[in-house]
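Have a look at the structure below, then the notes.
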Number of protein chains: 2
Amino acid sequence: MLESLRQFKAGIFQALGHPTRVAVVEFLSHGEMSVGVLCEKIGVEQANISQHLAILRNKHIVETRRDGNQIFYRLRDPLLGEVLEKMREYFFAHLGEVMEMMQEEKKGAKKSEQKARR
Amino acid sequence: MLESLRQFKAGIFQALGHPTRVAVVEFLSHGEMSVGVLCEKIGVEQANISQHLAILRNKHIVETRRDGNQIFYRLRDPLLGEVLEKMREYFFAHLGEVMEMMQEEKKGAKKSEQKARR
DNA sequence: ATCGTATATTCGATTATGCGAATGTACACG
DNA sequence: CGTGTACATTCGCATAATCGAATATACGAT
């Protein structure tokens, strides 16, 4: 019971646990958008974003509407937008860590380069 | 820049994207708790919960305090509690899906059994 | 010092995720 | 009909997450 509920919650969080999917939800919180535009704005391969959209669809986080040849996505529940808004507060309260992370990122990149060189 | 921010956000969500860690955060939102008690309440192996706690620590979601032989965990920022609260609203708005998920779970269990039998 | 308890870390095996390439499907237009 | 465009799905591989078992560390008590 309680376990199922937690699994459900974790599922939602996990669905949001990828930069591309965060980007999607952020864009959609301002209104619906076609796959093509999302693709272009976020800057990933079409097949890839489709995969991410499929994940969000499976969790019922987004809904779709077909218009002729293209498909428009929107958030199903504005509440999720509010959650993201709360999260935004959280992020601003901890911007320092974002900076740290960016540093780590650079280091990580160097390591990857080193690995790649071998 | 923006990409880093999204990665940070995704990191937080991903950290919350596991039932055990959701349980931890929920318990801690009511106050600090020792590892042993968490372990017992949630019902997982000690080593396992330590691993999950390590993940939450790395994301600075929780902080610790040592008292003699044991270590008490607490949420670092009550804002996260609020985020969880918003999420709770969301979950109650979509309880139907939790039910569905529980059904799927049963089906999944059957499938696993079948697999295991082969 | 040494023993017991509480917690953390490492290791190895299993499973899940993420990606691009290729392929499939649905619709519009002629 | 066929062709083009928009989007989705499948596949194969690489990387990452998860788990329990074993091991390590930190502290209190004797």
Side-chain angles (χ1 to χ4, degrees), chain A residues 3 6-7 10-24 27-28 32-59 62-74 104-105 108-109 111-113 115-116 118, chain B residues 3 6-7 10-24 27-28 32-59 62-74 104-105 108-109 111-112 115-116:
Chain A
E3 184 52 30
R6 280 184 189 137
Q7 214 163 317
I12 303 291
F13 284 126
Q14 198 188 18
L16 297 175
H18 190 283
T20 299
R21 298 195 292 265
V22 168
V24 167
F27 277 117
L28 295 188
E32 68 171 16
M33 198 172 276
S34 74
V35 178
V37 174
L38 274 172
C39 198
E40 174 191 337
K41 292 245 187 196
I42 298 178
V44 300
E45 294 268 325
Q46 179 268 321
N48 193 220
I49 206 157
S50 245
Q51 290 166 350
H52 287 298
L53 288 172
I55 291 171
L56 294 174
R57 257 186 289 124
N58 287 338
K59 301 289 196 236
V62 298
E63 286 177 328
T64 61
R65 169 178 77 85
R66 176 180 280 276
D67 181 9
N69 215 356
Q70 44 194 4
I71 296 189
F72 286 86
Y73 276 77
R74 60 175 181 278
E104 294 304 317
E105 215 172 287
K111 275 183 192 168
S112 307
E113 282 169 32
K115 262 189 186 173
R118 282 179 224 149
Chain B
E3 183 51 30
R6 280 184 189 136
Q7 214 163 318
I12 304 290
F13 284 126
Q14 199 189 18
L16 297 174
H18 189 284
T20 299
R21 297 194 294 265
V22 168
V24 167
F27 278 118
L28 296 187
E32 68 172 15
M33 198 172 277
S34 74
V35 177
V37 175
L38 274 173
C39 198
E40 174 191 339
K41 293 244 187 197
I42 298 177
V44 300
E45 295 267 325
Q46 178 269 321
N48 193 219
I49 205 155
S50 245
Q51 290 167 347
H52 287 297
L53 288 171
I55 290 171
L56 294 174
R57 257 186 289 125
N58 287 337
K59 301 288 195 235
V62 298
E63 286 177 329
T64 61
R65 169 179 77 85
R66 176 181 280 277
D67 180 10
N69 216 357
Q70 42 194 5
I71 296 188
F72 287 85
Y73 276 78
R74 61 175 181 277
E104 294 303 317
E105 216 170 286
K111 274 184 194 168
S112 307
K115 262 189 186 172

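Residue numbers start from 1 in every chain, and the chains themselves are labelled A, B, ... in the order their sequence lines are given, proteins ahead of strands. Computed from heavy atoms alone, side chains included, the values below leave out hydrogens, waters and symmetry copies.
Under the 4.5 Å side-chain criterion, counting only non-hydrogen atoms from C-beta, A/T64 is not in contact with A/L53. The closest side-chain heavy-atom distance from A/V24 to A/Y73 is not below 4.5 Å. Residues A/Q70 and A/V35 fail the side-chain proximity criterion, which asks for heavy atoms closer than 4.5 Å.
Between the side chain of B/Q51 and the base of D/dG20 there is at least one donor-acceptor pair of N/O atoms closer than 3.5 Å.
D/dC7 atom P lies 16 Å from atom NE2 of A/H52, rounded to whole Å. Distance, B/L53 CG to D/dA17 P: 17 Å, rounded to whole Å. Spacing between atom CZ of B/F72 and atom P of C/dA8 amounts to 12 Å, rounded to whole angstrom units. A/I55 places its CD1 atom 14 Å from the P atom of D/dT10, with the value rounded to the nearest Å. Distance A/N48 CG to D/dC7 P: 15 Å, rounded to the nearest Å. In this structure, B/N69 atom CG and C/dC3 atom P are separated by 17 Å, rounded to whole Å. A/I42 places its CD1 atom 14 Å from the P atom of C/dG18, with the value rounded to the nearest Å. Protein atom CD1 of B/I49 is 10 Å distant from nucleotide atom P of C/dA8, rounded to whole Å.
Comparing A/Q14 and A/Q46, the nucleotide of DNA chain C nearest to each residue sits closer to the 5' end for A/Q14. Between A/V37 and B/G68, the residue anchored nearer the 5' end of DNA chain D, judged by the nucleotide with its closest heavy atom, is A/V37.
At distances below 3.5 Å, not a single donor-acceptor pair connects side-chain atoms of A/R57 with backbone N or O atoms of A/K59. Using a distance-only test at 3.5 Å, with no hydrogens or angles considered, a donor-acceptor pair links the side chain of B/R21 to the main chain of B/Q14.
Comparing D/dT9, D/dC27, C/dT7 by their closest approach to the side chain of B/S34 singles out C/dT7. Among the nucleotides D/dC7, D/dG20, D/dG4, the one closest to any side-chain atom of A/S50 is D/dC7. Here D/dT18 is the nucleotide among C/dC19, D/dT18, C/dT9 with the atom lying nearest to any side-chain atom of B/H18. Picking from C/dC27, C/dA6, C/dG18 the nucleotide with the shortest atom distance to the side chain of A/R66 gives C/dC27.
Residue contacts for A/Y73: at a heavy-atom cut-off of 4.0 Å it reaches the sugar-phosphate backbone alone, with no base atom in range.
Residues B/P19 and A/A10 share a closest heavy-atom pair of N-CB, 3.4 Å.
A donor and an acceptor atom, one from each side chain of B/Q51 and B/N48, are located under 3.5 Å apart.
Summary for the helix from C/dA1-D/dT30 to C/dG30-D/dC1: the axes at its two ends, each from 5 pairs, differ by 20° when rounded to the nearest 10 degrees.
For B/R65, no side-chain nitrogen or oxygen approaches OP1 or OP2 of C/dT7 to under 4.0 Å.
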